[in-house]
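Residue numbers start at 1 and run along the sequence shown.
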Amino acid sequence: MLAIAALSIGLAFGGDALRLLGRYQPSAFDDDEYWRLLTAHLLHLGWGHLWPNVAALLLIGALFENVFDRLDWLVVGFSAAVAIDAGLYLLDPEVR
């Protein structure tokens, strides 16, 4: 959880250019820009959007750190990202 939080904070320093490159943008999938399915979960709309997400991530990590090992956390995180992406793409295609 700390690594994901640190990565998200580090990416926030990339500013708007990095945010535009990695944001969730379904039309970009037509150009084979599938990395956006992962990077969109690490990039945020700004600092006001980032800090509550990082705080929640760290709280979840603290509360449940002994429930899963590192590999389990990766599987849970990846599964959640896939489920969110599929839900957005299939159920709410207007999200940009």
Side-chain angles (χ1 to χ4, degrees):
M1 295 298 179
L2 288 175
I4 294 170
L7 181 58
S8 290
I9 291 169
L11 290 171
F13 284 105
D16 290 336
L18 187 59
R19 200 172 301 118
L20 290 173
L21 180 64
R23 71 182 178 185
Y24 178 82
Q25 186 175 341
S27 62
F29 303 149
D30 295 337
D31 295 328
D32 297 328
E33 295 181 7
Y34 298 112
W35 68 83
R36 293 172 182 271
L37 293 170
L38 177 62
T39 58
H41 295 280
L42 300 172
L43 295 169
H44 292 76
L45 298 174
W47 291 101
H49 180 230
L50 173 64
W51 77 262
N53 283 279
V54 167
L57 180 67
L58 295 177
L59 180 61
I60 289 167
L63 290 173
F64 299 102
E65 69 180 322
N66 295 324
V67 175
F68 302 115
D69 63 22
R70 289 183 181 151
L71 181 60
D72 291 337
W73 277 113
L74 286 172
V75 170
V76 167
F78 184 76
S79 299
V82 168
I84 291 166
D85 290 336
L88 287 173
Y89 190 78
L90 299 171
L91 303 175
D92 198 357
E94 297 302 315
V95 171
R96 303 209 187 294

J.: Look up atom CG in Leu7 and atom CG in Leu2, then write down how far apart they are to the nearest 0.5 Å.
T.: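 With rounding to 0.5 Å, CG (Leu7) is 12.5 Å from CG (Leu2).
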
J.: What heavy-atom pair brings His41 and Ala81 nearest, and what distance separates the two atoms?
T.: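 Closest heavy-atom pair between His41 and Ala81: NE2-O, 3.5 Å.
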
J.: I need the minimum non-hydrogen distance between Ala5 and Val54, along with the two atoms involved.
T.: CB-CG1, 3.8 Å

J.: Is Ile9 reachable from Met1 through a run of I, L, V, M, F, W or Y residues, each pair having side-chain heavy atoms under 4.5 Å apart?
T.: no

J.: So does Trp35 have more than 12 non-hydrogen atoms from other groups sitting under 6.0 Å from CH2?
T.: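 Atom CH2 in Trp35 is crowded, with more than 12 foreign heavy atoms closer than 6.0 Å.
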
J.: Quick one: CD1 on Ile4 to CG on Leu74, what's the gap to the nearest 0.5 Å?
T.: 7.0 Å

J.: Looking only at non-hydrogen atoms, find the nearest pair between Pro52 and Gly48 and report the distance.
T.: CD-O, 3.2 Å

J.: Please table the atom pairs, donor to acceptor, closer than 3.5 Å between any side-chain atom in residues 58-66 and protein atoms at least two apart or in another chain.
T.:
none

J.: For residues 12-21, dump all side-chain donor-acceptor pairs below 3.5 Å to protein atoms at least two apart in sequence or in another chain.
T.:
residue, atom, partner, partner atom, Å
Asp16, OD1, Arg19, NH1, 2.3
Arg19, NE, His44, O, 2.7

J.: Ignoring hydrogens and geometry, is there a side-chain-to-backbone donor-acceptor pair from Asp69 to Leu71 under 3.5 Å?
T.: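 Here the side-chain-to-backbone pair exists.
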
J.: With clusters defined by side-chain heavy atoms of hydrophobic residues (ILVMFWY) lying less than 4.5 Å apart, directly or transitively, does Leu11 cluster with Leu50?
T.: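 No; Leu11 is not reachable from Leu50 via cluster members.
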
J.: Check for me, please, whether Tyr34 and Leu88 land in the same ILVMFWY cluster - side-chain distances under 4.5 Å, paths through other members count.
T.: yes

J.: How would you list, by chain and number, every residue that makes a ring-ring contact (aromatic ring centres under 6.0 Å, His included) with Phe78, sequence neighbours excluded?
T.: none

J.: Taking the side chain as C-beta and beyond, is there a heavy-atom pair between Phe29 and Leu37 under 4.5 Å?
T.: yes

J.: Main chain of Tyr24, side chain of Arg36: is a donor-acceptor contact present, judged purely on distance under 3.5 Å?
T.: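 Judged by distance alone, no pair lies under 3.5 Å.
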
